[in-house]
Amino acid sequence: MAETFTERVRNLIKNIPPGRVATYGLIAAMAGNPRAARQVVWVLHSSSEKYDLPWHRVINSKGKISLSPGDGFELQKKLLTHEGIEFTGDNQVNLSKFLWNP
DNA sequence: AACCTGACTTCGG
DNA sequence: TCCGAAGCCAGGT
């Protein structure tokens with residue numbers, strides 16, 4: 001069928017279980033394009049609300065939140081912490097422990 | 001149809 | 001080790 005890369009990304013994100021996180025690059029790779037991380041960003045912006053996507057479980061490759069303080073950062077950190085994900089003193093997540101790897 | 005944009009990623013200095 | 005610059009993809013205007 002003719003699913004677009006974006007649609008697959010949307011489904012993948014929707015399938016991220018609570019207490020786990022995924023990186024933009026990882027999602028892009030699972031959707032078929034390891035280099036389309038930027039496209040993943042666009043998907044979150046365009047359909048996170050419409051499709052109930054757990055956008056807060058998506059972080060960058062360094063294991064950190066990409067949002068800036070005052071622009072969603074605190075909210076995201078709060079949501080993740082609430083799901084049991086721990087942050088280092090550097091606001092960094094231990095990927096080898098919380099990364100979603102099905 | 002062309003240009004712009006985005007919560008990225010990666011390599012080089 | 002840290003900062004800057006370039007590369008990449010697809011949807012929107």
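What you see is a predicted model, and the numbers here were worked out from it, not measured in a lab. Chain letters run A, B, ... following the sequence lines, proteins first, then strands; residues in each count from 1.
Along DNA chain C, the nucleotide nearest to A/T6 and the one nearest to A/R35 differ in position, and the one closer to the 5' end is contacted by A/R35. Nearest-nucleotide positions on DNA chain B place A/H45 closer to the 5' end than the other of A/K62 and A/H45.
Separation of atoms CD1 (A/I13) and CE (A/M30) is listed at 9.0 Å; rounding is to 0.5 Å. Taken to the nearest 0.5 Å, the CZ atom of A/R8 stands 8.5 Å off from the CG atom of A/L12. Note that OG1 of A/T23 and NZ of A/K64 are 15.0 Å apart. Values are rounded to the nearest 0.5 Å.
Between the CD atom of A/Q39 and the P atom of B/dC4 there is a distance of 18 Å, rounded to whole Å. Rounded to an integer number of Å, the gap from CZ of A/R38 to P of B/dT10 is 13 Å. If you measure from atom CD1 of A/I59 to atom C1' of B/dT9, you get 14 Å, rounded to the nearest angstrom. Distance A/L44 CG to B/dT5 C1': 15 Å, rounded to the nearest Å. If you measure from atom CH2 of A/W42 to atom P of B/dC8, you get 16 Å, rounded to the nearest angstrom. Across the protein-nucleic acid pair, A/I27 atom CD1 and C/dC8 atom P stand 21 Å apart, rounded to whole Å. At whole-Å resolution of the value, CD1 in A/I16 and P in B/dA7 are 18 Å apart. In this structure, A/E7 atom CD and C/dG11 atom P are separated by 9 Å, rounded to whole Å.
Side-chain N/O atoms of A/N33 include none lying less than 4.0 angstrom from OP1 or OP2 on C/dC8. Checking the phosphate oxygens (OP1, OP2) of B/dT9, a side-chain nitrogen or oxygen of A/S61 falls inside 4.0 Å. Remark: A/S46 is not in phosphate contact with C/dG11, judged by side-chain N or O atoms under 4.0 Å from OP1 or OP2.
Residue contacts shown for A/V58 include a base, since a base heavy atom lies under 4.0 Å away.
At least one donor-acceptor pair closer than 3.5 Å links the side chain of A/R20 to the backbone N or O of A/K97. Of the possible donor and acceptor atoms, one in the side chain of A/S46 sits under 3.5 Å from a partner among the backbone N and O of A/V43.
Between B/dT9, C/dG11, B/dA7, one nucleotide has an atom nearer to the side chain of A/N60 than all others, and that is B/dT9. Listed nucleotides B/dC8, C/dG11, B/dT9 differ in distance to A/V41; the shortest reach to its side chain belongs to B/dC8.
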